[in-house]
*Asks:* 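I have a structure I would like to understand better, so I am pasting it below and will then ask my questions one at a time.
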Amino acid sequence: MNIAAKSDTADASVVSHKITMVEAVNLALARAMQEDENVVVLGEDVGVNGGVFRATVNLREEFGLKRVMDTPLAETLIAGMAIGMAAQGIRPVAEIQFMGFIYATMEQIVSHASRMRNRTRGRLSCPMVLRAPFGGGIHAPEHHSESTETLFAHIPGLRVVIPSSPRRAYGLLLAAIRNDDPVVFLEPKRIYRASSQDVTDDGQALPLDTCFTLREGTDITLVSWGAMIQETLQAADQLLEQDISAEVIDVASISPLDMATIRTSVAKTGRCCIVHEAARTHGVGAEIAAELSESSLFDLKAPVSRVTGYDTVMPYYRNEMHYMPTVERICEAATILMEEGL
Amino acid sequence: MNIAAKSDTADASVVSHKITMVEAVNLALARAMQEDENVVVLGEDVGVNGGVFRATVNLREEFGLKRVMDTPLAETLIAGMAIGMAAQGIRPVAEIQFMGFIYATMEQIVSHASRMRNRTRGRLSCPMVLRAPFGGGIHAPEHHSESTETLFAHIPGLRVVIPSSPRRAYGLLLAAIRNDDPVVFLEPKRIYRASSQDVTDDGQALPLDTCFTLREGTDITLVSWGAMIQETLQAADQLLEQDISAEVIDVASISPLDMATIRTSVAKTGRCCIVHEAARTHGVGAEIAAELSESSLFDLKAPVSRVTGYDTVMPYYRNEMHYMPTVERICEAATILMEEGL
Amino acid sequence: MMQKTFDFFIPYNRFMNEQGKLEQALPEWSRDQERLIEAYETMVLIRNFDQKVVALQRTGKMGTYPSILGQEAIGVAVGQTMRKDDVLIPYYRDLPAQYLRGVRLVETLLYWGGDERGSQYQHCPEDFPNCVPISTQMCHAAGVATAFKIRGEKRAAVVTCGDGATSKGDFLESLNVAGVWQLPMVIVVNNNQWAISTPRKVQSAGQTIAQKAIGAGIEGIQVDGNDYFAISDAVQHALEKAHAGKGATLIEAISYRLGDHTTADDATRYRSKEDLKAGWEKEPIQRLRHYLLSQNLWSESQEKELQNKSTKIIETAVSDYLNTPPEPPESMFDHLFADMPAPLIEQRIDVKSLAGPGGTQQGSH
Amino acid sequence: MMQKTFDFFIPYNRFMNEQGKLEQALPEWSRDQERLIEAYETMVLIRNFDQKVVALQRTGKMGTYPSILGQEAIGVAVGQTMRKDDVLIPYYRDLPAQYLRGVRLVETLLYWGGDERGSQYQHCPEDFPNCVPISTQMCHAAGVATAFKIRGEKRAAVVTCGDGATSKGDFLESLNVAGVWQLPMVIVVNNNQWAISTPRKVQSAGQTIAQKAIGAGIEGIQVDGNDYFAISDAVQHALEKAHAGKGATLIEAISYRLGDHTTADDATRYRSKEDLKAGWEKEPIQRLRHYLLSQNLWSESQEKELQNKSTKIIETAVSDYLNTPPEPPESMFDHLFADMPAPLIEQRIDVKSLAGPGGTQQGSH
Ligand SMILES: Cc1ncc(C[n+]2csc(CCOP(=O)(O)OP(=O)(O)O)c2C)c(N)n1
Ligand SMILES: Cc1ncc(C[n+]2csc(CCOP(=O)(O)OP(=O)(O)O)c2C)c(N)n1
Ligand SMILES: [Mg+2]
Ligand SMILES: [Mg+2]
């Protein structure tokens, strides 16, 4: 390839486009598949249909049947096959249509994907990504609103990654695919098309070992991830009107957890409120709060608080908005923390 | 039945015997099956073999083939059938041979058992018990040492119960079977036969909504459950030699969690150390610590600390003892807390 | 090179072809004219209702809904043939069977309209609710059948699923136990050729789905699921067998999904016009109508009356649905446990106070 | 009442009866005398080794171990027939196959002796480790076979499991995809009649296990798994087919578990003496020995030499095992991720300091 052609390509690749999060997922998949012929996509309806959310649209046309595989309807198999492929050096990106149908993969993910490297002392490994749309708020039928990221975050040997914007979806998914270990990649479907962002298709991955500080602040640290980042940022706006300066952290890589960034922020602000959609008890917020209470107790001017989903099943859609944390609940919790201080 | 006969029966039933925990499980099963013909047992090798740990021994002989069912080798099926039976008014007690093989039940347990009552607005329910031996320390092969109680404790609509002595095994299992909702009943196999205790076969259940305070103390609260109660009690002994008076709480009902008892204790002692075998991150200890740090922050004289398994796979048996919390680690953590105080 | 063989077969059956012409003599039970009329009337009612639900969704008054267009014969056969005390364990595309069993149309509307009371079934207390996680209901059916067996009751568990569902472990584990335990279980597969965008041939290399029964040692039958007589006859046979303690039957009913997978789907992305057209030529209602007309069991005036009656029934159900206020938000806690645990009581208070006095009005269709 | 049928069959095959007498002419490949001798020698070595491992367990020098007593022919057939670049995805009772593929006996000892390095296989880098969660390996095999297919490689994934395993969803989902995708996959079921205490008839009502292939649309074969010729021939056929891109084969090899399920089991609780005795009469080693002797391919002096050689090989492996110190405790973190995340670095320091300088010595057999 001559230099002119090369720079052509380079030029082409740095053009940026305003795209939604689900388009960013699609873009990252296409990029990863162009870069590495070992990257393949499999799952239910990922082929001609391009996935029920269109995350894999056009991939079959571009990369062919052998790299974009419609599977029979069997989640255990999808996860288990991905493990087998990964041990063979393929980099499978397996889609589970909704997180509500991910539970059948758990034996394969817990007992094999997360352990393959460890139990063979590095001889075999499992560079697979298990993608699933998750979370509520889209008026879907039952079982389509799950936020059970804790189940995977508790499993040693797995990474759990959750983007909250088109750019982070692009960069984190590329990182997940290139990572040599299994990654559960959960996509907050409520914000799949909520807004667009300029994304540069430059193949730049984002790090999987760090939280993203989305907004700096001095009075309180708001920690969240996924779709709830929206409400959290809005809450930060509202709090500012009350002269409360909130730092907003997107955890993004839920596991392993980058507590350092959170701790540093709390050392500065002295207050922390964690926001997540998952049920409160044993939500990822519990670990963050526990860690802070152990390591930052003397930095804290008020108890760490959590604004979360309730310990019940997400109601069907007529009532689902009553389940999910709202801007109001976040602001209220933050205001209480500001009042409590030591 | 005449009074004499009645009191005969009563007499017979109040005799107490020194038995091990696994014998207590067996005794409770037999008792529940005698009392209620809807109680049935199913699982792999629960029949003639009496279970690989002998927890169901003699039940087939006493209650027959229809109530003690050897299933084909299929955990998803075992859980799913139990749900079907339970909706029909049967009270199935399903055994999963080891917790390491429980993951295939998760779709059935998360998506159905825990929701049947809720999604039918009380029309159908799921009074089933899913029993499984769990935990490490018995020199077993891989996948036989799991402590992943968090995965179930995070699921709304489930109860998760863990006994730590023969008497609690008897009383809690009876309660679990009589309870009208699904219960995951995890039996710490390391202490199945560790010691014996006088157990009275009086049909008395223990409550599922309360922690058990095993020892009173004034300086520090040690919170644990399952096999780790042994090390925790030993640690309390050793601490006493250093003039540290430790209160020991057996959580027992991991979910829903009785925080009230723990909070009251910490209000008194001002210090808390949580001990569990499960991996640290998102272990049940995280929730307890988070709750205390939120609701009891001003009672705490030192940060809540956790002594737990590590965030890695339990090593095969040559090294498993290096994974599990020891009396030494507990004492060290407690001593540090005592020194830290405010 | 082989010493012996084990031989197996799967029968295929139908009575009536695409034009409503008989290909073989009808079974005895088909002399029951009322049954035939009920079948036809139900199919028509359900088709009209189904199209109404789709319309409600298009106008924002309904959630995602899986139309049963073109597959009405199967459910009607199941619903008519089951005894009241049998238990139906449906999947999510079983409207006609549920309707005939007593599930009210308003309940169906509430369910898909995002209200849990839609599964509270006033008239069939033991039937299972719709099952969304594919194939999981198969294991429940095995459990229900086991309960009958334990209690020595002559009842059957009837479970349905789609062609896609037959690839999932639950399906196969359940068939297997049905064989080993000789369970009173009837498994009806609505093979509508598609699992969302995935065609039947991507699900299995077997010539039939019914042959999955062979591995489990139970009877497998394939029928034309658009032939009301064939599917009814198969279900009746399977139920009689189940009631007589003679074990389980897998029935593969060949149909065609004439609609999108659900209202969230757009089948033109993956399905050709020709394929769909061929599907329409096989649909079950016209066929039965032709037959009934040919036998003078049905007339144009009856047809008109039926359409009117259907419209009224549907309108009533829809207005009942639209007039049902949502449950109060705090109801999300009320049916989780038989006895509400303390932590939930606190959370319930939270939700109630957040929703405020108007909280119960906030929910919408 | 049926219009047509779909017909299926499962062949059964064996060449040699329980006494080592031929029942039909042997296949061409059996003229390879070295292969037959290797097979016999391996079976004997493995049997001796297997019994040695059981003895080590009894004296506290070994963890729970699943003896392969009486089922040696299957693994030998698999191990001999596979090409080096095929991949074996074993369950936990595949010692002979693994041995022939290059897994060292000391690795086997380390694995069952509680040391992860037992799965680090020096000589067969792509083979999978033992699989304990039943049937989960079936899906891995489908994935491995898919990888071959994606890359256009003429290699096969060979996966094994027990009779109990065939009831689990993973097994059936994997067979199914092997059919749909025409995967280069060979599935060998060691039907040793027991799954711990659960007899074969409680697993399935099918006359054979091989017939589960029918539902998946792949070839199913039942053979006498104690007849070295029959099982080898079946595996060879299946591998040739896989290498030629002609899809998957399910082989049911009928054997008998002569030992306890594992050293933690006591089969006398659930199994009659007569049953066991009948099992002994069918075991594979005597049979092949009779045959070899009858063909003058084997002698008493060779037998003696073999026993001596085996003893030496085994003694060396055992002493290597007993002399392998455990890994340092902190190694529990070293292979979890390619790059160790920060929180694990801290925990690793903890473990290392707790174990102290003598920490690495604490582990024991
Ligand atoms: C376990 C599970 N996986 C995936 C889905 C998403 N999903 C809903 S319907 C469907 C296709 C089902 O096809 P089929 O079984 O043929 O039934 P049909 O809808 O055609 O009647 C899928 C994949 C689900 N509901 N459950
Ligand atoms: C998923 C799972 N469930 C249960 C077990 C416990 N278990 C170990 S071996 C075994 C029986 C397996 O029988 P079979 O498949 O016939 O193989 P065999 O041991 O007879 O060779 C069981 C139930 C397991 N290892 N994995
Ligand atoms: Mg379908
Ligand atoms: Mg077996």
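Naming convention: chains lettered A, B, ... in sequence-line order (proteins, then strands); numbering from 1 in each chain.
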*Asks:* Taking the ring centre of each residue, are F98(B) and H143(B) less than 6.0 Å apart?
*Replies:* no
*Asks:* Which answer fits P156(B), side chain, backbone, both or neither, if we ask what part of it has an atom under 4.5 Å from a heavy atom of chain C?
*Replies:*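 For P156(B), the contact with chain C is made by backbone and side chain together.
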*Asks:* Regarding Q88(B) and E126(C), is there a side-chain donor-to-acceptor distance under 3.5 Å anywhere?
*Replies:* yes
*Asks:* Quick check on D115(C) against chain B: is it the side chain, the backbone, both or neither that has a heavy atom closer than 4.5 Å?
*Replies:* neither
*Asks:* Which bit of L257(B) is near chain C, if near means a heavy-atom gap under 4.5 Å: side chain, backbone, both or neither?
*Replies:*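 Only the backbone of L257(B) comes within 4.5 Å of chain C.
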*Asks:* Less than 4.5 Å to any heavy atom of chain B: does that hold for the side chain of A142(C), its backbone, both, or neither?
*Replies:* both
*Asks:* Under 4.5 Å from any heavy atom of chain C, what part of D209(B) do you find: side chain, backbone, both or neither?
*Replies:*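 For D209(B), neither part sits under 4.5 Å from chain C.
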*Asks:* Select, from R67(B), Q108(B), M69(B), the one with the greatest count of heavy-atom pairs under 4.5 Å involving chain C.
*Replies:*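 Looking at each option in turn, the highest pair count goes to Q108(B).
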*Asks:* Name the region of A82(B), side chain, backbone, both or neither, that has any atom closer than 4.5 Å to a heavy atom of chain C.
*Replies:* neither
*Asks:* Measure distances from S174(C) to the heavy atoms of chain B and classify the residue's part below 4.5 Å as side chain, backbone, both or neither.
*Replies:*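 Both parts, backbone and side chain.
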*Asks:* Do E247(B) and T221(B) have side-chain N/O donor and acceptor atoms under 3.5 Å apart?
*Replies:* no
*Asks:* Please state whether the side chain, the backbone, both or neither of Y121(C) comes within less than 4.5 Å of a heavy atom of chain B.
*Replies:*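 Contact with chain B: backbone and side chain both.
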*Asks:* Let me know which of T166(C), D170(C), L183(C), I187(C) forms a side chain to side chain contact (heavy atoms under 4.5 Å, CB included) with L175(C).
*Replies:* I187(C)
*Asks:* For Y91(C), is there any backbone N or O sitting under 3.5 Å from a side-chain donor or acceptor partner on T160(C)?
*Replies:*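 Between the backbone of Y91(C) and the side chain of T160(C) there is a qualifying donor-acceptor contact (under 3.5 Å).
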*Asks:* Quick one: what part of T71(B) sits under 4.5 Å from any heavy atom of chain C, side chain, backbone, both or neither?
*Replies:* both
*Asks:* Heavy-atom pairs under 4.5 Å with chain C: which of R159(B), R115(B), M116(B), E37(B) has the most?
*Replies:* R159(B)
*Asks:* Determine whether the side chains of H112(B) and T136(C) contain a donor N or O and an acceptor N or O closer than 3.5 Å.
*Replies:* yes
*Asks:* Does D258(B) form a salt bridge (Lys or Arg N to Asp or Glu O under 4.0 Å) with R263(B)? I'd like the steps, not just the answer.
*Replies:* CA-CA 9 Å; D258(B) 164 29; R263(B) 258 187 229 123; over 6 Å; no
*Asks:* When heavy-atom pairs shorter than 4.5 Å are enumerated against chain C, which of R121(B), R119(B), R117(B), M259(B) gives the highest number?
*Replies:*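 Highest number of pairs under 4.5 Å: R121(B).
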*Asks:* Relative to chain B, which segment of P129(C) carries a heavy atom at a distance below 4.5 Å: side chain, backbone, both, or neither?
*Replies:* both
*Asks:* Any side-chain donor-acceptor pair under 3.5 Å between T148(B) and Y103(B)?
*Replies:*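 Present: a donor and an acceptor within the cut-off.
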*Asks:* If you measure only the distance, is there a donor-acceptor pair under 3.5 Å linking the side chains of R93(C) and H261(C)?
*Replies:*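 Yes, a side-chain donor-acceptor pair sits under 3.5 Å.
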*Asks:* Do Q137(C) and N130(C) have a side chain donor and acceptor closer than 3.5 Å?
*Replies:* no
*Asks:* What part of L124(B) lies closer than 4.5 angstrom to a heavy atom of chain C: side chain, backbone, both or neither?
*Replies:* side chain
*Asks:* Check T105(B) against A79(B) and note the closest heavy-atom contact, atom names and distance.
*Replies:*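 Smallest heavy-atom distance, with atoms named: CB-CB, 3.6 Å.
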*Asks:* Counting only non-hydrogen atoms closer than 4.5 Å, does T120(B) touch chain C with its backbone (N, CA, C, O), its side chain (CB onward), both, or neither?
*Replies:*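 When you check distances to chain C, atoms from both the backbone and side chain of T120(B) fall under 4.5 Å.
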*Asks:* Please determine, among L73(B), L158(B), L42(B), N38(B), the option with the most heavy-atom pairs under 4.5 Å with chain C.
*Replies:*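 If we count pairs closer than 4.5 Å to chain C, L158(B) comes out on top.
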*Asks:* Under a 4.5 Å heavy-atom cut-off, does chain B meet the side chain of M332(C), its backbone, both or neither?
*Replies:* backbone
*Asks:* In terms of heavy-atom pairs under 4.5 Å, which option from P133(C), A342(C), G143(C), P341(C) contacts chain B the most?
*Replies:* G143(C)
